[in-house]
Amino acid sequence: MPPNPPHSSLQLHRINNHPGNAVANCYHQLRGDTHFMKPAATVPDAVVAYHTHPVTPNQCCSAVVQEIAAPVSTVWSVVRRFDNPQAYKNFVKSCHVIGGDGNVGTLREVRVISGLPAARSTERLEILDEERHVLSFSVVGGDHKLDHYRSVTTLHPAGDRDDGTVVVESFVVDVPPENTKEDTCVFVNTIVRCNLQSLAQIAENLWRRIK
Ligand code: A8S
């Protein structure tokens, strides 16, 4: 790990809309080297590590942060359901598990609503950590433009409140031919932001009913 990675090899996105300064670290892989640097973030080290992605020059990477007024356990009860993304993802029309036992390697076939530049996506569960509240999936097929999409979602308690959660969702994806990095990032950020806003509503409603 070089103490001062060359600037040309580093693409760092800081998400400053949250007091915790959650950070998605997107590292260009040059000559096979991946440079890591510990970001100035107040999110736990374990969380930062999950959002540190090596990226190739033809990929884009970003993150969305969402605060939710419900405890981590309530938010996690929604997020952990890899078989039921439609519980909060409004673009998802249907989802069927097509392989696996619910653990890492499980595959789901997602159909999305009309009006999007896609109809279906095949997705593989990459991480399901029930203790650290981490879920990650990758896109392995479908008829969309998001090749090699991979996202990581982590939950952690908001500050010293026991009924608040900060969700950090970072992603890396290939930039489709004929598209710019910026447009790709805006497109994906928009989808992820919508998903997390909907997650907030659903988890907050759930929490109001059970607390
Ligand atoms: C998610 C995140 C994303 C989903 C994308 C980015 C997608 O389901 C939609 C439109 C597309 O063009 C690609 O967490 C794809 O679901 C809504 C079908 C993959």
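Scope of the values below: all heavy atoms of this structure, side chains included, with no hydrogens, waters or symmetry mates. Heads up: numbering here begins at 1 and tracks the sequence.
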Worksheet item: With Pro157, which residues qualify under side chain to side chain contact (heavy atoms under 4.5 Å, CB included), at least two apart?
Response: Val72

Discussion item. Using a 4.5 Å cut-off between side-chain heavy atoms of Ile, Leu, Val, Met, Phe, Trp and Tyr, which other residues end up in the same hydrophobic cluster as Tyr50?
Written reply: Ile127, Val134, Val152

Worksheet item: Would Ile210 and Thr74 satisfy side chain to side chain contact (heavy atoms under 4.5 Å, CB included), going step by step from the backbone distance to the final call?
Response: CA-CA 9 Å; Ile210 62 176; Thr74 305; 4.1 Å; yes

Fill in: Side-chain touch Val139/Thr122, heavy atoms, less than 4.5 angstrom
no

Worksheet item: Which pairs pass salt bridge (charged side-chain N to carboxylate O under 4.0 Å, His left out) with one or both residues in residues 70-95, sequence neighbours excluded?
Response: Arg80-Glu130, Arg81-Asp83

Item to complete: For Asp143 and Ala119, work out which heavy atoms get closest and say how close.
Response: OD1-N, 2.9 Å

Practice prompt. Start with the C-alpha distance between Leu107 and Val97, add both sets of side-chain angles, then the distance that settles side chain to side chain contact (heavy atoms under 4.5 Å, CB included), and finish with yes or no.
Written response: CA-CA 6 Å; Leu107 292 173; Val97 171; over 6 Å; no

Fill in: Gap separating the NE2 atom of His53 from the OG atom of Ser62, nearest 0.5 angstrom
9.5 Å

Discussion item. Could you measure the distance from the CD atom of Gln197 to the CG atom of Asn195? Nearest 0.5 Å is fine.
Written reply: 9.5 Å

Worksheet, complete the sentence: salt bridge (charged side-chain N to carboxylate O under 4.0 Å, His left out) filter on Asp163, not counting sequence neighbours, yields Arg161

Worksheet item: Do Leu128 and Ile98 share a hydrophobic cluster (ILVMFWY, side-chain heavy atoms under 4.5 Å, transitive)?
Response: no

Item to complete: For Thr106, check side-chain hydrogen bond (donor to acceptor under 3.5 Å, both in side chains) against everything at least two apart and list the hits.
Response: none

Discussion item. Could you work out, with side-chain hydrogen bond (donor to acceptor under 3.5 Å, both in side chains) as the rule, every residue matching Asp183, not counting sequence neighbours?
Written reply: Thr180

Discussion item. Ser151: which residues meet the side-chain hydrogen bond (donor to acceptor under 3.5 Å, both in side chains) condition with it, sequence neighbours left out?
Written reply: none

Worksheet item: Do you know which two heavy atoms are closest between Val55 and Cys61, and how far apart they sit?
Response: CG1-CB, 3.5 Å

Worksheet item: Taking a hydrophobic cluster as the set of Ile, Leu, Val, Met, Phe, Trp and Tyr residues connected by side-chain heavy atoms closer than 4.5 Å, whether directly or through intermediates, do Ile113 and Leu196 fall within one such cluster?
Response: yes

Worksheet item: So do Arg150 and Ser136 actually touch side chain to side chain, heavy atoms under 4.5 Å?
Response: yes

Worksheet item: Among all residues two or more places apart in sequence or in another chain, which pass the side-chain hydrogen bond (donor to acceptor under 3.5 Å, both in side chains) test with Asp174?
Response: Gln59, His148

Worksheet item: How long is the gap from CG on Leu199 to CG on Leu206, to the nearest 0.5 Å?
Response: 10.0 Å

Fill in: Lys211 side, atom NZ; Glu204 side, atom CD - distance, nearest 0.5 Å
9.5 Å

Worksheet item: Less than 4.5 Å apart, any side-chain heavy atom of Cys194 and any of Val192?
Response: no

Fill in: Within one Ile-Leu-Val-Met-Phe-Trp-Tyr cluster: Val64 and Val78, side-chain cutoff 4.5 Å
yes

Worksheet item: Is there side-chain contact between Ser94 and Val110, with heavy atoms separated by less than 4.5 Å?
Response: no

Response to the item:
Smallest heavy-atom separation, Thr184 atom then Cys60 atom, equals CG2-SG, 3.7 Å

Worksheet entry | Residue pairs, two or more places apart or on separate chains, that pass ring pair (Phe, Tyr, Trp, His ring centres under 6.0 Å) and touch residues 60-109 | Trp76-His133

Practice prompt. Kindly determine whether Val167 and Ile68 satisfy side chain to side chain contact (heavy atoms under 4.5 Å, CB included), including the steps that lead there.
Written response: CA-CA 8 Å; Val167 183; Ile68 301 183; 3.7 Å; yes

Worksheet item: When hydrophobic residues are tied together by side-chain contacts of less than 4.5 Å, even through go-betweens, does Val166 share a cluster with Trp207?
Response: no

Worksheet item: Who passes salt bridge (charged side-chain N to carboxylate O under 4.0 Å, His left out) against Glu123, sequence neighbours left out?
Response: Arg108

Discussion item. Let me check something: do Val188 and Leu116 share a hydrophobic cluster, defined by ILVMFWY side-chain heavy atoms less than 4.5 Å apart, either directly or through other members?
Written reply: yes

Fill in: Nearest-0.5 Å distance that lies between atom OG in Ser121 and atom CZ in Phe137
7.0 Å

Practice prompt. First locate atom CG of Leu155, then atom OG1 of Thr165, and finally report the distance between them rounded to the nearest 0.5 Å.
Written response: 6.5 Å

Worksheet item: Heavy-atom distance under 4.5 Å between the side chains of Asn189 and Phe171, does that happen here?
Response: yes

Fill in: Chi angles and distances behind the side chain to side chain contact (heavy atoms under 4.5 Å, CB included) call for Asp147, Val173
CA-CA 6 Å; Asp147 283 352; Val173 68; 5.9 Å; no

Fill in: Residues in salt bridge (charged side-chain N to carboxylate O under 4.0 Å, His left out) contact with Arg132, at least two apart in sequence or another chain
none

Worksheet item: Tell me, which pairs form a salt bridge (charged side-chain N to carboxylate O under 4.0 Å, His left out) where one or both residues lie in residues 111-120, sequence neighbours left out?
Response: Glu109-Arg120

Worksheet item: So do the side chains of Leu125 and Asn103 get within less than 4.5 Å of each other, counting heavy atoms only?
Response: no

